[in-house]
Amino acid sequence: MKRLKLRDLPAVALVYLSGALVVLVIVAIFYYLAHEARYAFDRPFPYGYRFSLQSPILEPDPYTGQVLDDLTVDPNATLLAANFEGDDGIDEKEEGAPMATLEELEGYHPFGTGSAVIDSLDDLNPQELFRDNWKQAKDATKGDRFILFAFATQEYTQPTMKLAFQPDAAFSPKDCPFDIKLRVIRTPNGIEVEPVEIDLIQNPSGKIELPTWIAKSDEERTNGYVFEMVVTPKKSNFTATIAGFFKTDWAPTLQYPRYGFVPLLLSTMLMALLALAIAVPIGLACSTYLAEIAPARIREWLKPIIEMLASIPTVVLGYFGLMIVAPSVVKVFSQAIGMTSGRSFLTASLVLAFLLLPTVISIGEDALRAVPSSFRDGASALGFTAKETIKKVVLPAARAGVVATVLLGFARAIGETMIIWILSGGTAVMPSIDPVKTLAGPTRGMTDTIAIEMGNVEFEGPHYGHLFMIGLTLFLITLAINLIGYAYGRKRKWLAS
Amino acid sequence: MASVIGDRIPSRAKLAARDARRKLNSRLFEVWLWSMGVLITLAILAVIVTIVIKGLPAMNWEFLSTGPKEGMKEGGIWPMLRGSILLMIGTLLIVLPVGVFGGVFLAEYAGTSRLVTLVRACVVALAGTPSVIYGLFGLAVFVLLITKHTSLIAGCLTLAMFALPVIVLTTESAIKAVPESFVEAGVSLGMSKWQVIRKVILPAALPGIVTGLVLSTGRAAGEAPPILFTAGIYYSTAKLTFDLEMFKKPVANLPYHLAEGYRQGSVIPEKIIWGTCLTLMLLVLLINLAAIIVRARARKRQVW
Amino acid sequence: MVSEIASRENIVVEAKDVDFYYGKNQALKGVTIQIIRNKVTCLIGPSGCGKSTFLRSLNRMNDRIAGARHTGLIEIDGENIYSRKTDLMQLRRKVGMVFQKPNPFPTTVYENIAMAPRIHYGFGERELNEIVETALQKAALWDEVKDDYKRKHALALSGGQQQRLCIARTLAINPEIILMDEPCSALDPISTYKIEELIKELSGDYTLIVVTHNMHQAGRISSHTAFFNLGELVEYGTTESIFQRPAKRETEDYVSGRFG
Amino acid sequence: MTSTLIATIALAGLSPAPAFGTVAVKGSDTMLILNQRFAEAFGKKHPGIAIEVTGGGSSIGINAFINGVADICASSRPMRKSEIDRARSRGATATETPIALDGLAVIVNINNPVTSLTMDQLRRIYIGQINNWSQVGGPNQAIVVLSRDSNSGTYGFFQEKVLKNQNWGRGVRFMPSTAEEARETARTPGAIAYGGVAYFKGRDGIKIIGVAPAEGKPPVLPTEANVRNKSYPIWRYLYYYTNGRPRGEVKTFIDWCLSPEGQSVVEQVGYYSLK
């Protein structure tokens, strides 16, 4: 045959171009998912501690009547924090409020704290003393230094006072990629304390007892105890982001967001496994029936019906699950496992199993049909019954195909979005060890997290980047499973001879 | 007689009992397999019948031909239906050349090197990649990088990406199913390779290719995740037009409407949602039916 | 028909006026034959002559084909194998079969042989070990696989070994008759030779009915030969008589290589 | 292939700004219904101006606004400083117009004797520190905590305002809609939920409880008067953001929204009008 005519060149070029485009698509998907996932690494790691002076004997706050052992609700606490936006969580009006003067404290609170962001005490500007201090993203990764002042007012009569500190409620020190230390850098004249240095990561909350020092005028507020909080990065942003990604806490909307996607991964996997555990035995039984036993006429009727299921859009199936399946699941299981809502792990898995059936049946049937009929002849000639032929000869011969069926079904299950979105209940929690709790409870997988949260993220921000990280992970997982499934599906041991 | 088993053979009575047990066992097994087949079929029929029954009350010409009214509480779904059809046609137009030529490339030009095997495996794997991944890709590339705007064209491109692998694979296998003798006949007439492909292989493989195209576009039309971030719109008072402007605008469509209907559960009445479910299901089923008819007619014509 | 046919107890298979149809196609026309116990009988004839169909109707393998039906009578040991009372399991235990292409199951050599006796007779491992060994010895495969037959995958054997394995597998269910459907057609000459030797050796203990398209092979291994053409049994007799003194013109043409 | 080329050319030719006579409103899911109602009613009055409404979430709207592709960004939260900065760097000056007032009511099952909670108790319930009604003066019964899902602006608002940005408790179930929350609360004795007050009025099986701004202060019910005078603690504005002062069709639309006619739509949807 003549390989090529000049006249054909454009068409052949087009063919090659399309081939290249197909290859490009594969590369592009990977590239752009990774490209957008890089925004996850722009993540400024937030941290924050609250400090407040307290009397050793705690009394109810005269203003709110609460015993202020929780600094989150202590309106006098000073927050030293970095890398968050907006509301600091204490009280909107106090944002950037100047350090309280003695006059303001009179009759209201016998202690004062304040802070400054300066390198040396010599730089201190009395006009720039604030109650709370926070810094923005980029400086914080290089290391930070906050200065904290603490004093009592003349209304205070006890011989000692305590500096209480605790991490901001939404910030978890053990996840923090920084070293954070608190030390005393200056004590007031005439008072000697043991040099204090506290590792705030190791001991995130506690109290330091100090001899009382009273500020007599506003100028003296900075002459009392002076602490510094020094923050130094101990991991690169990259390792810290990756480490954070593999934690077990998904809470991206927090002031200090946590992007541990393990609960999503586990939930997705477990839901898929449960769905497979239901769909594979039933589906394989059905495909065995179709491939081995059903007369041709019945098969001609059944196959289109099963294919029809494959063509019902998943969003319709999800809605069906919500309106029809979920209420009956609650009815059946409310007594047995204390299920209160149909939006649960169990419902999602059941509908997912239903979705998997056509996949399992059709790939399974193909796998069984690929077994040469000479095996069946051999078994039949030896006097095997239908069951013995299937169980001892056909199924073992089709093992690779059955494995491929399970794998491809698995990939389909972990990639399904709408059903899980509609039916899982949407709560990102680690699956409980107690299976009943897991089954009856709400859950959330990777796909629906992407679908739900993409609507509420700031584009090209860390949360957006993390959703792409999940997407990339999901892509790689399904890619791997599909490739292995493909390899298994092509494996035909009996062709070796 | 020097038998292999010799005198170990069990007595006739024992053997008969054993045979009876095995037969019963096998019979039960067959009944079990049969019942699974019946169970699944019934379950599927039950789902479809339920959707039809729930959706039928909403179904009428007005429902299909008018837009929503009264804060989506009344009226029909014409804009969504039209959007879905537009998305489907657009997807088909984009994916048709790339997918078919790509399939020709894999089947006829790529050869059998290791790299090609890898590419083919990757295409297979892509065909099994979750649709939400394509949604993410469409958002990153077609929306944020290129058009800066959710639009019909971004949705079509995303859905085309989603449908591409399946079409490449079905085209490839349709081409490979063309008997070698056809090709030899073409070659013996002195045709060039491309002429053989165009004049002999493609016409012979056409039914297979069309079936693959129609099936995967139909499936794409029912997928919500890819158009969630790329093409969907909730409501528009704009007049429906057919021009180039249309491609730049987001479109209402059935899967998006259902996803929104689910989210805004209190707004869109159940009846309308069921009606929308039924419409979407029928749309996809009709497309599949078309594919089945094409396949059946082609099979009748084919004699090899 | 066959003059040497002696007493009735020597006849193991008897077919009377067997017609066979695949749908509308008639594959056998009025076949009547008596096959003698513990001898090798070869069925020869051109392709499509019905010899394989006839062979497969002896253990009712044709039952598995949709649309297959027959008329006439086939008796084995005086029992109509198509009667309602016939137990297929029992029939197939009695009538083993070896196929054209070796078709060992995709498992170990040992399992291939042990599977059927375990299923049929419920033997334990100790008995199975002995049976497998004897069967392998009888099938002249023992020496080649004795070291690793418990681990070795059956599909790792050569084609000829696989075919002998299939014979061993059949021997292990204790058949009286062994049907062989062109057992050597997929094999090389050396393997073919070994199988032929094996067939000769087995003939004292089993009735072997062998379909072959190779007339020389029929001449080498069989005591009786039946010549089929166009679905009819043209001639049946001792191999010597068929080859040396064919009674019909057709037979003579075929055995002398003028057609077929 | 040719169609791909056409598609590429079409893409290249796309101007980001929507066509003349069209106002694209994009953003908050909470406001989706409101926007749609606005569009429908406005469309009858001004057939020459087409209104396109898209949901997706406040951030999608804000981002579209930053990229200059939405004329109006509907947001159920004020824009963050960083977002305003980003918009400015791309030449868009975010201008805020409150369009409606929203109060979130807290509901429990009708048979629950609890009639009020403090903000702090509410926070502790939602972060999982309080999990039995007996801890807040009710019967010994486990609390079934219901919330909107994270797609809604209400979710973010509640987390910010009530949870003080702390994380949701482990057992919180996220519902796709306020109606679903009400239905679930009515059939679950131990349930608690929150949502736009209008959704809960006149529904069977639930009751709206009072919320005390702080310990020791009297509980307040989310009546119209209490929300308007801001004594009810969980309230917010719903905003429209435009690039600079509204002009042209956008101005016509927003002016209409703020007119008595538009504000009656606000009431109809279930939010409080800005009187």
Side-chain angles (χ1 to χ4, degrees), chain A residues 1-5 8 11-12 14-16 18-19 21-23 25-26 29 32-33 35-36 282 285-286 288-290 293-294 302 305-306 308-309 311-313 315-316 319-320 324 357 385-388 408 411-412 415 417-418 422 447 450-451 454 459 468 471 474-475 478-479 482-483 486, chain B residues 22-23 25-26 29-30 32-34 36-37 40-41 44-45 47-48 50-51 98 101-102 104-106 109-110 119 121-126 128-133 136-137 140-141 144 161 164 168 187 192-195 218 222 224-225 228-229 255 258-259 262 273 277 280-281 284-285 288:
Chain A
M1 128 169 63
K2 289 173 207 151
R3 295 295 301 178
L4 190 63
K5 273 187 189 166
D8 298 342
V12 174
L14 226 59
V15 166
Y16 273 90
S18 300
L21 212 65
V22 171
V23 177
V25 163
I26 301 167
I29 290 182
Y32 277 103
L33 290 183
H35 184 269
E36 300 299 295
I282 300 178
C286 185
T288 313
Y289 175 70
L290 286 178
I293 295 174
L302 289 195
I305 292 178
I306 290 163
M308 216 143 91
L309 172 60
S311 67
I312 298 180
V315 58
V316 174
Y319 194 72
F320 176 86
I324 310 285
L357 282 177
T385 62
K387 181 186 180 185
E388 287 153 3
L408 297 179
R412 179 100 173 80
T417 308
M418 294 314 291
I422 295 175
T447 47
I450 296 173
M454 201 43 106
F459 285 151
F468 271 91
L474 184 64
F475 177 59
T478 51
L479 197 70
N482 279 320
L483 283 179
Y486 175 68
Chain B
R22 283 169 58 200
K23 270 183 205 151
N25 229 320
S26 178
F29 181 70
E30 282 178 55
W32 182 68
L33 294 183
W34 174 84
M36 285 298 141
I40 288 174
T41 315
I44 293 167
L45 286 178
V47 170
I48 290 170
T50 310
I51 294 172
V98 184
F101 281 118
V104 172
F105 174 76
L106 268 194
Y109 287 89
V119 169
C122 282
V123 176
V124 172
L126 273 190
T129 295
S131 57
V132 71
I133 300 293
L136 280 180
F137 180 82
V141 177
L144 292 180
M161 294 266 303
L164 181 66
V168 169
V187 172
S192 71
K193 182 163 181 167
W194 172 249
Q195 277 174 319
L228 220 47
F229 325 126
L258 279 177
Y262 156 73
I273 299 188
C277 278
L280 179 57
M281 192 177 82
V284 177
L285 279 182
N288 286 6

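For the numbers below, each heavy atom of this structure counts, side chains included, while hydrogens, waters and symmetry mates do not. These numbers come from a predicted model, not from an experiment. Here is the naming used below: chain letters follow the sequence lines, and residue numbers restart at 1 for every chain.
- Both the backbone and the side chain of A:Leu479 come within less than 4.5 Å of a heavy atom of chain B.
- Chosen from B:Ile48, B:Leu106, B:Val47, the residue pairing most often with chain A at heavy-atom distances under 4.5 Å is B:Val47.
- Counting only heavy atoms from C-beta outward, the side chains of B:Pro130 and A:Leu474 approach each other to under 4.5 Å.
- For a residue to count as touching a neighbouring chain, one of its non-hydrogen atoms must lie under 4.5 Å from one of that chain's; by this rule B:Ile44 touches chain A with backbone and side chain alike.
- In this structure, chain A has heavy atoms under 4.5 Å from both the backbone and the side chain of B:Val123.
- Heavy-atom distances place both the backbone and the side chain of B:Asn25 under 4.5 Å from chain A.
- For a residue to count as touching a neighbouring chain, one of its non-hydrogen atoms must lie under 4.5 Å from one of that chain's; by this rule A:Val15 touches chain B with backbone and side chain alike.
- Both the backbone and the side chain of B:Met281 have a heavy atom closer than 4.5 Å to some heavy atom of chain A.
- In terms of non-hydrogen atom pairs under 4.5 Å with chain A, the most contact-rich of B:Cys122, B:Pro255, B:Ala125, B:Gly222 is B:Ala125.
- The part of A:Leu302 that comes within reach of chain B is its side chain, from C-beta onward, which places non-hydrogen atoms under 4.5 angstrom from that chain.
- The candidate with the highest count of non-hydrogen atom pairs below 4.5 Å against chain A, out of B:Gly102, B:Gly37, B:Cys277, is B:Cys277.
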### Task
Using the side-chain contact (heavy atoms from CB on, under 4.5 Å) rule, take B:Met36 and A:Thr288 through it: C-alpha gap first, then chi angles, then the decisive distance, then the call.
CA-CA 10 Å; B:Met36 285 298 141; A:Thr288 313; over 6 Å; no
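- Heavy atoms closer than 4.5 Å to chain A are found in the side chain of B:Ile40, but not in its backbone.
- Only the side chain of A:Ile293 comes within less than 4.5 Å of a heavy atom of chain B; its backbone N, CA, C and O stay farther away.
- No part of A:Leu408 comes within reach of chain B, as not one of its non-hydrogen atoms sits under 4.5 angstrom from that chain.
- For A:Thr385, the parts sitting under 4.5 Å from any heavy atom of chain B are the backbone and the side chain alike.
- The residue among B:Val284, B:Val132, B:Leu136 with the most heavy atom pairs within less than 4.5 Å of chain A is B:Leu136.
- Taking each heavy atom of B:Thr129 and A:Phe475 in turn, the nearest pair found is CG2-CD1, 3.6 Å.
- Contacts between B:Val168 and chain A at a heavy-atom distance below 4.5 Å involve the side chain alone, from C-beta outward.
- Both the backbone and the side chain of A:Ile306 come within less than 4.5 Å of a heavy atom of chain B.
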### Task
Evaluate the criterion salt bridge (Lys or Arg N to Asp or Glu O under 4.0 Å) for residue pair A:Lys387 and B:Glu30; output intermediate values, then yes/no.
CA-CA 7 Å; A:Lys387 181 186 180 185; B:Glu30 282 178 55; over 6 Å; no
